[in-house]
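Everything below concerns the one structure shown next.
Below, chain A is the first sequence line, B the second, and so on; all start at residue 1.
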There are 2 protein chains.
Amino acid sequence: MSVTLKDVAQAARVSVSTASRALTGTGLTSERTQQRLTRIARELGYRPNPIARGLKTGQSRLVALLVHNLTNASFQVMAEVVQARLKALNYQMLLCIGGDDAQQESDTLTTLVDHRIDGLIVVPTGKNGAQLKTLAKDVPIVCLVRRDDATDLETVLADDPQGAYLGTRHLIELGHKRIGLIVGRQDTTSGRERLSGYVRALREAGIAKDDTLIHAGHFVPETGASCCRKLLDLPRPPSAIFVANHEATLGALRVIAERNIAIPDDLSLLCYEDMPWFEWHRPAISIVDNGARDLANLAVDRLLHRMDAKGNGNDGVREYRVGARLVQRDSCRRIDAASKPKSPKSKSSAAKPAKV
Amino acid sequence: MSVTLKDVAQAARVSVSTASRALTGTGLTSERTQQRLTRIARELGYRPNPIARGLKTGQSRLVALLVHNLTNASFQVMAEVVQARLKALNYQMLLCIGGDDAQQESDTLTTLVDHRIDGLIVVPTGKNGAQLKTLAKDVPIVCLVRRDDATDLETVLADDPQGAYLGTRHLIELGHKRIGLIVGRQDTTSGRERLSGYVRALREAGIAKDDTLIHAGHFVPETGASCCRKLLDLPRPPSAIFVANHEATLGALRVIAERNIAIPDDLSLLCYEDMPWFEWHRPAISIVDNGARDLANLAVDRLLHRMDAKGNGNDGVREYRVGARLVQRDSCRRIDAASKPKSPKSKSSAAKPAKV
DNA sequence: GCCAGTTCTGCAATCGTTTGCATCAATGTT
DNA sequence: AACATTGATGCAAACGATTGCAGAACTGGC
């Protein structure tokens, strides 16, 4: 069917081994035959069969990225980054969707090693630590976004404590004292870390932590909505809400719209993680960017390093943190009318239609 | 490193060939040895090496899905559907991102056949027809969402003419006579087809086509915004806008919000293709659902059929159309106060906050 | 012109499977 | 009891590459 090394060798009247050596450039062939063979190979349209090669070398030029889903915008950009990087190095990315489900993750993992992938970047569910640990002996693995505490795998994390801190501090600097927090489950790292960043910012500013302002849960939009309602129904509702979980954002926005609450005039809103439509929303929604792009790039860097280092890429570092970044748009407003009357960055919004 | 067939054979004191036959269940071994070998294989934790097997059989149990990007919500659900289906059949999905770029598509395609994929579902750019045609000789291929006119590949398409027709008719039935259309480039199939559906609905209803109401272009949100502005700035602006291109929706929504136009009171809005946040938007946005889920499922069906039929799965059918569906939410409103005063499905919105 | 040293090339084994063919034992037939 | 038939097994050759080892060809020094 397709042209094999044998065909090339025959056409060039040399042995297969010579052909192989010439084409892989081992430097063990004469300059002349090398050139002649590359030419002939090109003419014949020879493309090495990665399967055959893989059988012999134990490599596949396949690198897998295992994420929970593709609806999460962060995972999308990560996938695109990883794909682009790998492709440039002549690897194929195997994108797998694990659905944040232990069983599915486990199945996928075994299939992947069966296929002799050369490397793996995984967003672990945290429930297959033992398996990951075993696999790590055979394949370079880098964890992304989440840590699996049962392993000591190299892990690239977003700096959630810092991100939450940055966001909260921003709101405080705008004069907010009662800041609602809608955050993820406290049995996830990110849930805990984002809460801690929030708390730290409050403490530094000397603002007492008010537990009625903090809502944590396993988030889907519905939960985001109900948390948001609870916050707004408070006797003294917050002047700003920090939605530190992107799933919850949809629900919160909905409730805010339903109640005709004007952002940022009546309420400031800050979200964690970007979504492509946030900047097209009106008002454009300010966010804390978790740095998905940087995360993906760093993960690829680390993985490649491990893959090169053949078994011992252990630089001692176990954990990398990628800095978060505040992206100010129009959904947060300065409120302390008394002390600092200077107009905030965000525009006055709604009232007069901005002719464009 | 890992357990090979030889190990199993040795442990069972049979030859490798017997082991192979027993484990692949060719029926050429005695019941007893078959059971004994499966047991031993399980005990030893034997997992067949797909690479070695692939080398011999020419198969890889890899099926590729090549899409343009992952930001498009339709592609996301398609990817998830394809992955789920394939997985159930013990195939691994290779998800590739082609970026709607001819060169990248071409590169990816060659890498994929190099890896001896067993099948391919591709959203073609339309610029590598020749290549696709050649590859189709080696690998079963099904085109998805777009047709490549240079080939005669089996293609699963959304029924865009019907979808656009349905949407437009819906608006007409609600009493709208001036319906703005924001649609994709006319050199794409979907662009043309959606326009034609719109025109047909108009004609059927005896409404004259007004070219000032139709805007087509290569869409990014910015273009969507400018088209929307043009429509709203018309001396007699439309009472409804049909955004028949999902990229454009963001921009349109933005302009509408900027100008403080109330939906659906001042303007009805209908979009093509769903986005996860559409139903969380306030008002929830009515859409024409292109049936991404069904498309993906059908594409998988056809591909599997071809893969089974080994070379001749040609049933004569070249093109499959998956019906579109109207999903009424709250962004379209009945307007002919005179003839049919019955209140529309959509609620009155804005004015009084709906306590929830 | 011969020999040691260096390059280059080819033979053949190997990776882990599958599979055509031959062998062999067990069974049934006469 | 001899023979044909069936069913289970093993041997060995593939699949398409890589690679250790040995031999061939060339180089230069004497």
Side-chain angles (χ1 to χ4, degrees), chain A residues 1-38 40-41 44-62 90 110-111 113-118 138 310, chain B residues 1-38 40-41 44-62 90 110-111 113-118 138 310:
Chain A
M1 183 164 307
S2 62
V3 189
T4 80
L5 192 53
K6 201 165 137 196
D7 300 331
V8 180
Q10 254 159 21
R13 313 193 150 278
V14 293
S15 73
V16 208
S17 15
T18 313
S20 170
R21 282 189 274 253
L23 294 178
T24 46
T26 45
L28 292 171
T29 68
S30 71
E31 185 76 5
R32 257 189 64 244
T33 41
Q34 169 138 357
Q35 295 200 343
R36 197 162 63 92
L37 273 159
T38 29
I40 297 188
L44 261 52
Y46 167 73
R47 320 213 73 238
N49 180 337
I51 304 225
R53 176 178 286 175
L55 181 57
K56 183 72 206 196
T57 61
Q59 316 226 300
S60 60
R61 300 216 73 86
L62 250 34
N90 235 308
T110 44
T111 327
V113 279
D114 280 355
H115 277 281
R116 301 296 187 274
I117 48 167
D118 292 346
D138 293 350
K310 282 216 164 267
Chain B
M1 183 164 310
S2 62
V3 189
T4 82
L5 194 52
K6 201 163 134 198
D7 300 330
V8 180
Q10 255 161 16
R13 314 192 147 279
V14 294
S15 73
V16 206
S17 16
T18 312
S20 169
R21 280 189 277 253
L23 294 178
T24 45
T26 45
L28 293 170
T29 65
S30 72
E31 186 76 2
R32 257 191 62 245
T33 41
Q34 169 139 357
Q35 295 201 342
R36 198 163 63 92
L37 274 158
T38 29
I40 298 187
L44 261 53
Y46 168 71
R47 319 214 74 239
N49 179 336
I51 303 220
R53 175 178 287 174
L55 180 57
K56 185 71 205 191
T57 62
Q59 316 226 303
S60 60
R61 299 216 75 85
L62 250 34
N90 235 307
T110 44
T111 327
V113 279
D114 280 355
H115 276 283
R116 301 295 187 273
I117 49 166
D118 292 346
D138 293 349
K310 281 215 163 264

(request) Report the residue (B:Ala19 or A:Leu5) whose heavy-atom-nearest nucleotide on DNA chain D is the more 5′ of the two. (result) B:Ala19
(request) Please determine which of B:Val8, B:Thr38, B:Leu37 meets the side-chain contact (heavy atoms from CB on, under 4.5 Å) test together with B:Tyr46. (result) B:Val8
(request) Nearest whole angstrom, please: distance from the C1' of C:dT14 to the CD1 of B:Ile51. (result) 15 Å
(request) Confirm from the modelled atom types if A:Arg116 and C:dG16 form a donor-acceptor pair under 3.5 Å, side chain to base only. (result) no
(request) Check the distance between C:dT19's P and B:Arg21's CZ and give it to me in whole angstrom. (result) 10 Å
(request) Measure the shortest side-chain to side-chain distance between B:His115 and A:Leu62 over non-hydrogen atoms and say whether it is less than 4.5 angstrom. (result) yes
(message) If you compare all heavy atoms of B:Ala52 against all heavy atoms of A:Leu55, which two are closest, and at what distance to 0.1 Å?
(response) CB-CD1, 3.6 Å
(request) Provide, to the nearest angstrom, the distance between the NE2 atom belonging to A:His115 and the P atom belonging to C:dC15. (result) 21 Å
(request) Please check if any side-chain donor atom of B:Ser2 sits under 3.5 Å from a side-chain acceptor atom of A:Arg116, or the reverse. (result) yes
(message) Tell me the interatomic distance from A:Arg53, atom CZ, to C:dT14, atom C1', rounded to whole angstroms.
(response) 16 Å
(request) Any chance you could measure A:Thr33, atom OG1, to A:Arg13, atom CZ, to the nearest 0.5 Å? (result) 16.0 Å
(message) Considering every strand and a 4.0 Å limit on heavy-atom distances, what is the contact class for A:Pro50: base, sugar-phosphate, or nothing?
(response) nothing
(request) Under 4.0 Å from any heavy atom of chain A: name the first and the last nucleotide of DNA chain D that qualifies, 5' to 3'. (result) D:dG16 to D:dG20
(message) Tell me whether the side-chain N/O atoms of A:Ser30 come closer than 4.0 Å to OP1 or OP2 in C:dT9.
(response) yes
(message) With a 4.0 Å limit, can you tell me whether A:Thr33 has a side-chain N or O closer than that to the phosphate oxygens OP1/OP2 of C:dC8?
(response) no
(message) Just the rounded figure in Å: distance from P of C:dA13 to NZ of A:Lys56.
(response) 12 Å
(request) Taking the side chain as every heavy atom from C-beta outward, state whether B:Thr29 and B:Val14 have any atom pair closer than 4.5 Å. (result) no
(message) If you compare every side-chain N and O of A:Thr18 against the phosphate oxygens of C:dG10 (OP1, OP2), does one of them come in below 4.0 Å?
(response) yes
(message) Please tell me if A:Ser15 has a side-chain N or O lying less than 4.0 Å from either OP1 or OP2 of C:dT9.
(response) no
(message) Looking at every non-hydrogen atom in both residues, tell me the closest pair between B:Gly58 and B:Asp118 and how far apart they are.
(response) O-OD1, 4.4 Å
(request) Using a 4.0 Å heavy-atom cut-off across all strands, classify B:Thr29 as base, sugar-phosphate, or nothing. (result) sugar-phosphate
(message) Can you see whether B:Ser17 engages B:Ser15 through a side-chain donor-acceptor pair at a distance of less than 3.5 angstrom?
(response) yes
(request) Measure across A:Val3 and A:Gly45 and return the closest heavy-atom pair with its distance rounded to 0.1 Å. (result) CG2-O, 4.1 Å
(message) Taking any heavy-atom pair under 4.0 Å as a contact, classify B:Thr4: base, sugar-phosphate, or nothing.
(response) sugar-phosphate
(message) Once you apply a heavy-atom cut-off of 4.0 Å, does B:Thr24 come out as touching a base, just sugar-phosphate, or nothing?
(response) sugar-phosphate
(request) Would you work out how much the helix from C:dG1-D:dC30 to C:dT30-D:dA1 bends between its ends, with each end axis defined by five base pairs, to 10 degrees? (result) 60°
(message) What is the distance, to the nearest angstrom, from the CG atom on B:Leu23 to the P atom on C:dG16?
(response) 16 Å
(request) Round to a whole Å and report the spacing from CG of A:Leu37 to C1' of C:dC8. (result) 13 Å
(message) When you compare the side chain of B:Arg61 with that of B:Pro50, does any pair of heavy atoms fall below 4.5 Å?
(response) no
